[in-house]
Amino acid sequence: MHLLVVGPGRIGKALAARLQQDGHLLTIRSREAYGDFFVPTYDPGPALAEIETCDAVLLCAGAFELNASLERMVQANHTGPVRIAEAIHSKFPQAHIITFLDARIQRPETALPANIHAYMASKRLHAQWTLAAAKTWGTATGCRVNAIAPGPVLPPPDKAHSEKAGACLTPRPTIDDIYQAVNFLLMTPSVTGQILYIAAGQQLL
């Protein structure tokens, strides 16, 4: 299977390595390669022009910022990734799209630090798009659209990003758990419009 990985961060890079080990052919587009989608006029076309085949996409593109404006976070975590997905769908109408959310989208704002409200709002908006795209594109072309919502898989890179709430279960979710979820989605052609919470119950707190 030929996979396109767009904007891999720490989790995405680990997943890419596992998928390559399993024999998948990968094309990776880093943030530098796919362009600055903080710009409202962002066009992903040049970054995708040379891609000749694509069976599925891991859409990891996005940004996490504390105390960011809602406009900036929506551009980074919804508008930009949607434009990438639309460009891919236009070129490869049946390519399976797996986008990445955040398990905390299920939690009320009162249960979240105020400094991430804009970020979480952008991820909730992208979750709504995931379900709508699965219905629209699935009906039109047979394209599947799913999402994975990771929880506390890796320690935050900065202590300022930490929060008290953890998860319901121990042990914490792992990269292997995320990989198993990706593999399930890739290998199960009847599944679309799903958000898989790989979070040890963090979304419930």
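- For the residue pair H89 and C143, the shortest heavy atom distance occurs at CE1-CB, 3.7 Å.
- For T141, there are no side-chain hydrogen bond (donor to acceptor under 3.5 Å, both in side chains) partners at least two apart in sequence or on another chain.
- Note that CD1 of I195 is 5.5 Å distant from CG of L101, once rounded to the nearest 0.5 Å.
- Listed by chain and number, the hydrophobic cluster partners of L70 are V74, L125, where partners are ILVMFWY side chains within reach of under 4.5 Å, directly or through others.
- Note: M120 CE to Q106 CD = 9.5 Å, rounded to the nearest 0.5 Å.
- In terms of heavy-atom proximity, A63 sits nearest to M73 at O-SD, 3.9 Å.
- I98 pairs with exactly one of L59, V5, L185 by the side-chain contact (heavy atoms from CB on, under 4.5 Å) rule, that one being L185.
- Rounded to the nearest 0.5 Å, atoms CD1 (I198) and CD (Q180) are 10.0 Å apart.
- Residue pairs meeting the salt bridge (Lys or Arg N to Asp or Glu O under 4.0 Å) criterion with at least one partner in residues 180-198, sequence neighbours excluded, are absent.
- The CD1 atom of I88 lies 10.0 Å from the CZ atom of R29; values are rounded to the nearest 0.5 Å.
- Scanning all heavy atoms of the two residues, the minimum distance from Q202 to R107 falls at O-CD, 3.3 Å.
- Not counting sequence neighbours, the partners of D176 by the side-chain hydrogen bond (donor to acceptor under 3.5 Å, both in side chains) test are R18.
- Tracing side-chain contacts under 4.5 Å through hydrophobic residues (I, L, V, M, F, W, Y), one reaches F184 starting from I148; they form part of the same cluster.
- A side chain to side chain donor-acceptor pair (under 3.5 Å) check over residues 48-61, counting only residues at least two apart or in different chains, returns nothing.
- Under the rule for a ring pair (Phe, Tyr, Trp, His ring centres under 6.0 Å), F92 has no partner lying at least two apart in sequence or in another chain.
- In plain terms, the two heavy atoms of T192 and V145 that are nearest each other are OG1-N, 3.0 Å.
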Trace of the side-chain contact (heavy atoms from CB on, under 4.5 Å) decision for D102 with N77: CA-CA 11 Å; D102 186 308; N77 294 311; over 6 Å; no
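- Between F38 and A76, the closest heavy-atom pair is CE2-CB, 3.4 Å.
- Not a single donor-acceptor pair under 3.5 Å links the side chain of E65 to the backbone N or O of Y119.
- Note that SG of C54 and CG of L25 are 11.5 Å apart. Values are rounded to the nearest 0.5 Å.
- Other members of a hydrophobic cluster containing L204 are absent, since no ILVMFWY side chain comes under 4.5 Å of it, directly or through relayed contacts.
- The side-chain hydrogen bond (donor to acceptor under 3.5 Å, both in side chains) check on N146 picks up H96, with sequence neighbours excluded.
- Residues passing the side-chain contact (heavy atoms from CB on, under 4.5 Å) test with S69 are E71, R72, sequence neighbours excluded.
- Considering only residues two or more places apart in sequence or on other chains, T174 meets the side-chain hydrogen bond (donor to acceptor under 3.5 Å, both in side chains) condition with D177.
- Pairing each heavy atom of H2 with each of L26, the nearest pair is NE2-C, 4.4 Å.
- In this structure, CD in Q128 is found 9.0 Å from CD1 in I105, a value given to the nearest 0.5 Å.
- Under the side-chain contact (heavy atoms from CB on, under 4.5 Å) rule, V6 has a single partner from I97, T99, I84, which is I84.
- R144 places a side-chain N or O within donor-acceptor distance of the main-chain N or O of V191, the cut-off being under 3.5 Å.
- With a 6.0 Å radius and a threshold of 12 heavy atoms from other residues, nucleotides or ligands, K13 has its NZ atom at or below the threshold.
- Side-chain atoms of K91 never come within 3.5 Å of backbone atoms of G45 as a donor-acceptor pair (strictly under, hydrogens ignored).
- Pairs of residues two or more places apart, or lying in two chains, never qualify as salt bridge (Lys or Arg N to Asp or Glu O under 4.0 Å) while including a residue from residues 77-87.
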May I have the list of side-chain donor-acceptor pairs in residues 130-137 shorter than 3.5 Å, sequence neighbours left out?
residue: T130; atom: OG1; partner: H126; partner atom: O; Å: 3.0
residue: T136; atom: OG1; partner: A132; partner atom: O; Å: 3.1

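- A continuous path of Ile, Leu, Val, Met, Phe, Trp and Tyr side chains, each step under 4.5 Å between heavy atoms, connects L58 with M1, placing both in one hydrophobic cluster.
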